[in-house]
S.K.: 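So that we are looking at the same thing, I have put the structure below in structure tokens.
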Amino acid sequence: MPRTKSKSRSKPEDSSPVSGSLAAFQSHVFAWFATHKRDLPWRESQDPYRVWISEIMLQQTQVATVKEYFRRFTAEFPHVSDLAAAEEQQVLRLWEGLGYYRRARQLHAAAKEIVERYDGQFPQTVDQIQSLPGIGRYTAGAIASIAYGQKAPILEANTQRLFARLIGWDHVLSTSASQKRLWQFAEDLLPDHDVGIFNQALMEIGSLVCTPKSPNCSQCPLAVHCQAYQQGRQDEIPQPKKKIEFIPVTEIALVVRRKNEVLLRQCGQEERWAGLWDFPRFTVANEEELSGVAGQLQEASGIEASLGSHVTTIKHGVTKYRITLLCHEMTYQKGRLRPEAGPDGQPRVWQWRDASHLTDLPLSTTGRKLAKLV
DNA sequence: AATGCGGGGCA
DNA sequence: TGCCCAGCATT
């Protein structure tokens, strides 16, 4: 029998996914992490529930921001059954300020599914994990590897950048071809042991060393394996993302008072801040266009009120919108709240709430700022 | 492949 | 200011 071609090409230096040997690469990763690992609250345990909470919170959210949220959340809900039994409003209250509130509602829904379908035991296969709401390929791989030590790859912001530089990938990263290549690379890299530690180490290197701007190549444990570094192209790779075109918007928020109550609205499932409460908000053409606001309020809620003084102006961004939010007081005149179906079958989305008890409600960040002023 | 979804950290 | 962040779901 003639030797096959693949057999004759199976020298280690040919099959290694990185420049240099894979074994050396892996040991460089482990050694660096052993001395540079950060102490983070979710690294104190491998409980899949806690790993899961941290991974959801960390989606598109920086480590520094998540720390306190993670502590509060897991203190309030130590076990998946505690989360499953909670009111969604309480879950959202603990999520308030983190953003991407769909994460919190999907987390809650997944907790219920784990209790009902898996008898409270967190699922153990990648496919089962990924079938839970809010869990995609990255998060499933992270949980499977970190909590269970399974040989599952991960790819997220830090490792995308790191991998692109390691293999000198000078293409736009968001295309499906790039994603396919990078996922394959992530898989080819995996060791046969301590996969969870390995994956976390790669993210940590991406985060602390292989930074977006001015990466610290001189201190990088993987420089010897890095194509971009060897070519002096670490500042060109990865290619910059497409810039977002911001759209300026002017909105008005109304603090409608009736004795010691204020008028609030709960955001519907299909809109921004779903499930959270907010002061009545309307888009206006410009900062002078306030005359129609009373009519818009009456149209939307059934309440008639007279425009009062300007409280404050809040500038904030939501996804691609740059919002200038004009906040005005109003005084209730007459009218009753229009009955309207709420997010989860609640009788209405409009409610009068005691102004001194707004701390219990989940509010949007601008809503919270405004609530503190009034 | 493109879009919606938040808010804050940081140079 | 602008860029970026341990992504996911939908279209």
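No experiment lies behind these values; they were computed from the predicted model shown. Atoms considered below: every heavy atom in the structure, side chains included; atoms not considered: hydrogens, waters and symmetry mates. Lettering follows sequence order; numbering is per chain, from 1.
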S.K.: Shortest non-hydrogen contact from A/Gln59 to A/Thr139?
M.R.: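 Heavy atoms of A/Gln59 and A/Thr139 come nearest at NE2-OG1, 3.1 Å.
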S.K.: Taking 4.0 Å as the cut-off, does a side-chain nitrogen or oxygen of A/Lys241 come that near to OP1 or OP2 on C/dC4?
M.R.: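 Checking A/Lys241 against C/dC4: no side-chain N or O falls below 4.0 Å of OP1 or OP2.
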S.K.: Could you see if A/Leu361 belongs to whatever hydrophobic cluster contains A/Tyr69? Use Ile, Leu, Val, Met, Phe, Trp, Tyr and a side-chain cutoff under 4.5 Å.
M.R.: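 Cluster IDs for A/Leu361 and A/Tyr69 differ.
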S.K.: Could you report the tightest heavy-atom contact between A/Arg38 and A/Ser207, atom names first, then the distance?
M.R.: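 Smallest heavy-atom distance, with atoms named: NH2-OG, 3.7 Å.
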S.K.: How close or far is atom C1' of C/dC5 from atom CD of A/Glu204, stated in whole angstroms?
M.R.: 14 Å
S.K.: Have a look at A/Thr175 and say if it touches a base, only the backbone sugar-phosphate, or nothing, with a 4.0 Å heavy-atom cut-off.
M.R.: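 The residue A/Thr175 makes sugar-phosphate contact but no base contact.
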S.K.: Which residue lies toward the 5' end of DNA chain C, A/Thr61 or A/Leu132, if each is placed at its nearest nucleotide?
M.R.: A/Thr61
S.K.: If you pin A/Lys320 and A/Gly97 to their nearest nucleotides in DNA chain B, which one's is more 5'?
M.R.: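 Checking each residue's closest nucleotide, the 5'-ward one belongs to A/Lys320.
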S.K.: Would you kindly give the CD1-to-C1' distance between A/Ile129 and C/dA6, to the nearest whole Å?
M.R.: 16 Å
S.K.: Could you state the CD-P distance from A/Glu271 to B/dG6, rounded to the nearest angstrom?
M.R.: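 Atom CD in A/Glu271 sits about 10 Å away from atom P in B/dG6.
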S.K.: May I ask you to evaluate whether A/Gln60 reaches the phosphate of C/dG7, defined as a side-chain N or O under 4.0 Å from OP1 or OP2?
M.R.: yes
S.K.: Touch check for A/Val63, heavy atoms < 4.0 angstrom, all strands: base, sugar-phosphate only, or nothing?
M.R.: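 Counting heavy atoms under 4.0 Å across all strands, the contact made by A/Val63 is with sugar-phosphate only.
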S.K.: Check for me whether A/Arg137 meets the cation-pi criterion with A/Trp183, that is, NZ or CZ under 6.0 Å from the six-membered ring centre and within 45 degrees of the ring axis.
M.R.: yes
S.K.: Under 4.0 Å from OP1 or OP2 of C/dA6: is there any side-chain N or O of A/Trp42 that close?
M.R.: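 So the side-chain polar atoms of A/Trp42 never come under 4.0 Å of the phosphate oxygens OP1 or OP2 of C/dA6.
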S.K.: Is it possible for you to check whether A/Arg338 lies under 6.0 Å from the centre of the six-membered ring of A/Trp350, through NZ or CZ, and within 45° of that ring's axis?
M.R.: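 No, A/Arg338 does not sit over the ring of A/Trp350.
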S.K.: So if I take residues 133-154 of chain A and measure heavy-atom distances to DNA chain C, which residues fall below 4.0 Å?
M.R.: A/Pro133, A/Gly134, A/Ile135, A/Gly136, A/Arg137, A/Tyr138, A/Thr139
S.K.: Can you tell me, in whole Å, how much space there is between the P of C/dA6 and that of B/dA11?
M.R.: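 These two P atoms come out 14 Å apart once rounded.
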S.K.: Whole angstroms only, please: what is the NZ-P distance between A/Lys315 and C/dG2?
M.R.: 13 Å
S.K.: Can you check the A/Leu107 CG to C/dG7 P distance for me, whole Å?
M.R.: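 Distance, rounded to whole Å: 16 Å.
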S.K.: Can a salt bridge be assigned to the pair A/Asp278 and A/Arg265 using a cut-off of 4.0 Å between side-chain N and carboxylate O?
M.R.: no
S.K.: Please give, in whole Å, the distance from B/dG6 P to A/Phe246 CZ?
M.R.: 15 Å
S.K.: Closest approach to the side chain of A/Arg161, judged atom by atom: which nucleotide of B/dG8, C/dC5, B/dG6 is it?
M.R.: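 That would be C/dC5.
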S.K.: Please report the distance, rounded to the nearest Å, between CD in A/Gln269 and C1' in C/dA9.
M.R.: 15 Å
S.K.: Find which nucleotide of DNA chain B each of A/Leu98 and A/Ala177 is nearest to by heavy atoms, and output the residue with the more 5' nucleotide.
M.R.: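 Result of the comparison: A/Ala177.
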S.K.: Starting the side chain at C-beta, find the nucleotide from B/dG9, B/dG6, B/dC5 nearest to A/Thr65.
M.R.: B/dG9
S.K.: Which of these nucleotides, B/dG4, B/dG6, C/dC5, is closest to any side-chain atom of A/Ala157?
M.R.: C/dC5
S.K.: So does A/Arg103 get a side-chain nitrogen or oxygen closer than 4.0 Å to the phosphate oxygens (OP1/OP2) of C/dA9?
M.R.: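 No, A/Arg103 has no side-chain N/O under 4.0 Å of OP1/OP2 on C/dA9.
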S.K.: Please measure how far the C1' atom in B/dG8 lies from the corresponding atom in C/dA9, and state the result in whole Å.
M.R.: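 Their C1' atoms lie roughly 24 Å apart.
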S.K.: Measuring from the side chain of A/Val318 (C-beta onward, heavy atoms only), which nucleotide among B/dG6, C/dA6, C/dA9 has the closest atom?
M.R.: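 Minimum distance to the A/Val318 side chain belongs to B/dG6.
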S.K.: Got a sec? Which of residues 363-374 of chain A come in under 4.0 Å of DNA chain C, heavy atoms?
M.R.: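 The stretch gives none, as no residue of it lies under 4.0 Å from the strand.
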S.K.: Just how far is it from atom OG1 of A/Thr366 to atom CD1 of A/Ile323, taken to the nearest 0.5 Å?
M.R.: 8.0 Å
S.K.: Would you kindly give the OH-to-C1' distance between A/Tyr101 and C/dC8, to the nearest whole Å?
M.R.: 17 Å
S.K.: Is the phosphate of C/dA9, meaning OP1 or OP2, less than 4.0 Å from a side-chain N or O of A/Tyr100?
M.R.: no
S.K.: Search all heavy atoms of A/Val115 against all heavy atoms of A/Ser81 and return the closest pair with its distance.
M.R.: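 Taking A/Val115 first and A/Ser81 second, the nearest heavy atoms are CG2-CA, 4.0 Å.
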S.K.: Of A/Asn199, A/Leu202, A/Leu182, which is the lone residue that meets side-chain contact (heavy atoms from CB on, under 4.5 Å) with A/Leu155?
M.R.: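 Looking at A/Asn199, A/Leu202, A/Leu182, the match for A/Leu155 under the side-chain contact (heavy atoms from CB on, under 4.5 Å) is A/Leu182.
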S.K.: For A/Ser176, answer base if it contacts any base atom (sugar-phosphate contacts may also be present), sugar-phosphate if it contacts only those atoms, and nothing otherwise; contact means non-hydrogen atoms under 4.0 Å.
M.R.: sugar-phosphate
S.K.: A/Arg322 side chain: which of C/dG2, B/dG6, C/dA6 is closest?
M.R.: C/dG2
S.K.: Is there a donor on the side chain of A/Arg272 or the base of B/dC5 sitting less than 3.5 Å from an acceptor on the other?
M.R.: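 Per atom types, no contact qualifies.
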S.K.: Taking atom types as modelled and ignoring hydrogens, do the side chains of A/Arg43 and A/Ser54 form a donor-acceptor contact shorter than 3.5 angstrom?
M.R.: no
S.K.: Output the distance between atom CG (A/Leu208) and atom CE (A/Met203), rounded to the nearest 0.5 Å.
M.R.: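 So the CG of A/Leu208 and the CE of A/Met203 are separated by 11.5 Å.
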S.K.: A/Asp170 and side chain to side chain donor-acceptor pair (under 3.5 Å): which partner among A/Gln239, A/Arg165, A/Arg233?
M.R.: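 Only one of A/Gln239, A/Arg165, A/Arg233 forms a side chain to side chain donor-acceptor pair (under 3.5 Å) with A/Asp170, namely A/Arg233.
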S.K.: Between C/dC5 and B/dC5, how far is it from one C1' atom to the other, in whole Å?
M.R.: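 That atom pair is separated by 14 Å.
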